[in-house]
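What's counted below: heavy atoms across the whole structure, side chains too, no hydrogens, waters or symmetry copies.
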Amino acid sequence: QVQLVESGGGLVQPGGSLNLSCAAHGRIFSVNAMGWYRQAPGKERALVAHIISGSITNYADSVKGRFTISRDNAKNTVYLQMNSLKPEDTALYYCNADLKTIVRGPSYSYWGQGTQVTVSS
């Protein structure tokens, strides 16, 4: 059973910073991509950033220049450094991983439990 373990969420003032971490545990053959999504009350879950094995990244327009996604392939871990946080960034943040558990098997998408980020003065 694959499990994504997240950490780093919390309460921060506007302009502050947080760093989220997500590690994939379990029977894993390879990880194709990992990323972060967020969902605010009354809003759809939306992509924040993702990164593939070739280190190609993609960011939502609203976070470009403020957030940085990185990945440690040896540890199957993805990070999200969030700077210059705004109240609009307040949401439940979910980690996502696209991975295989067996060499010739299919790729599946897995989700973390979500970690709350609240930006407020």
### Query
If we ignore angles and hydrogens, is there a donor and acceptor under 3.5 Å between the side chains of Ser107 and Asp98?
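Note: Ser107 and Asp98 side chains meet the donor-acceptor criterion.
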### Pair Ser53-Asn73, side-chain donor/acceptor within less than 3.5 Å
no
### Message
Under a 4.0 Å threshold between the charged nitrogen and the carboxylate oxygen, would Asp61 count as salt-bridged to Lys64?
### Response
yes
So how far is it from [X] [atom1] to [Y] [atom2], rounded to the nearest 0.5 Å?
X: Met34; Y: His50; atom1: CE; atom2: NE2; answer: 13.5 Å
X: Trp36; Y: Leu80; atom1: CH2; atom2: CG; answer: 6.5 Å
X: Leu11; Y: Ser121; atom1: CG; atom2: OG; answer: 10.0 Å
X: Glu88; Y: Lys43; atom1: CD; atom2: NZ; answer: 9.5 Å
X: Ile28; Y: Thr101; atom1: CD1; atom2: OG1; answer: 9.0 Å
X: Asn96; Y: Ser109; atom1: CG; atom2: OG; answer: 3.5 Å

Are [X] and [Y] connected in the hydrophobic side-chain network, where two residues link if heavy atoms are under 4.5 Å apart?
X: Val31; Y: Tyr108; result: yes
X: Val78; Y: Ile52; result: no
X: Tyr59; Y: Ile51; result: yes

If I compare all heavy atoms of [X] with all of [Y], which pair ends up nearest, and what's the gap?
X: Ser120; Y: Pro14; result: C-CD, 3.6 Å
X: Gly114; Y: Leu92; result: C-CD1, 3.9 Å
X: His25; Y: Val5; result: CD2-CG2, 3.5 Å
X: Leu18; Y: Gly8; result: CD2-O, 3.7 Å
X: Ser17; Y: Ser84; result: OG-N, 4.3 Å
X: Leu20; Y: Met82; result: CG-CE, 3.8 Å

### Axial cation check for Tyr94 ring with Arg45, 6.0 Å and 45° limits
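Yes, a cation-pi geometry holds between Arg45 and Tyr94.
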### Task
Measure from the ring center of Tyr37 to the ring center of Trp111 and say whether it is less than 6.0 Å.
yes
### Query
Do Gln81 and Asn83 pass the side-chain contact (heavy atoms from CB on, under 4.5 Å) test, and can you show the C-alpha distance, the side-chain angles, and the key distance before you say yes or no?
CA-CA 7 Å; Gln81 178 64 49; Asn83 298 323; 3.0 Å; yes
Judged by atom type as modelled, is there a donor-acceptor pair below 3.5 Å linking the side chain of [X] to the main-chain atoms of [Y]?
X: Gln116; Y: Gly10; answer: no
X: Ser21; Y: Thr77; answer: no
X: Gln39; Y: Glu44; answer: no

#### Entry: Candidate pair Ile102 and Phe29, rule side-chain contact (heavy atoms from CB on, under 4.5 Å), full reasoning
CA-CA 5 Å; Ile102 188 170; Phe29 173 73; 5.6 Å; no
### side-chain contact (heavy atoms from CB on, under 4.5 Å), paired with Arg38, selected from Val117, Thr115, Val63
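Exactly one pass, corresponding to Val63.
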### Message
Checking Tyr79 against Asp72 for the side-chain contact (heavy atoms from CB on, under 4.5 Å) test, could you report, in this order, the C-alpha distance in whole Å, the side-chain angles of both residues, the deciding distance, and whether it holds?
### Response
CA-CA 8 Å; Tyr79 308 91; Asp72 187 333; 4.2 Å; yes
### Message
Any non-hydrogen side-chain atom of Leu99 less than 4.5 Å from a side-chain atom of Asn32?
### Response
no
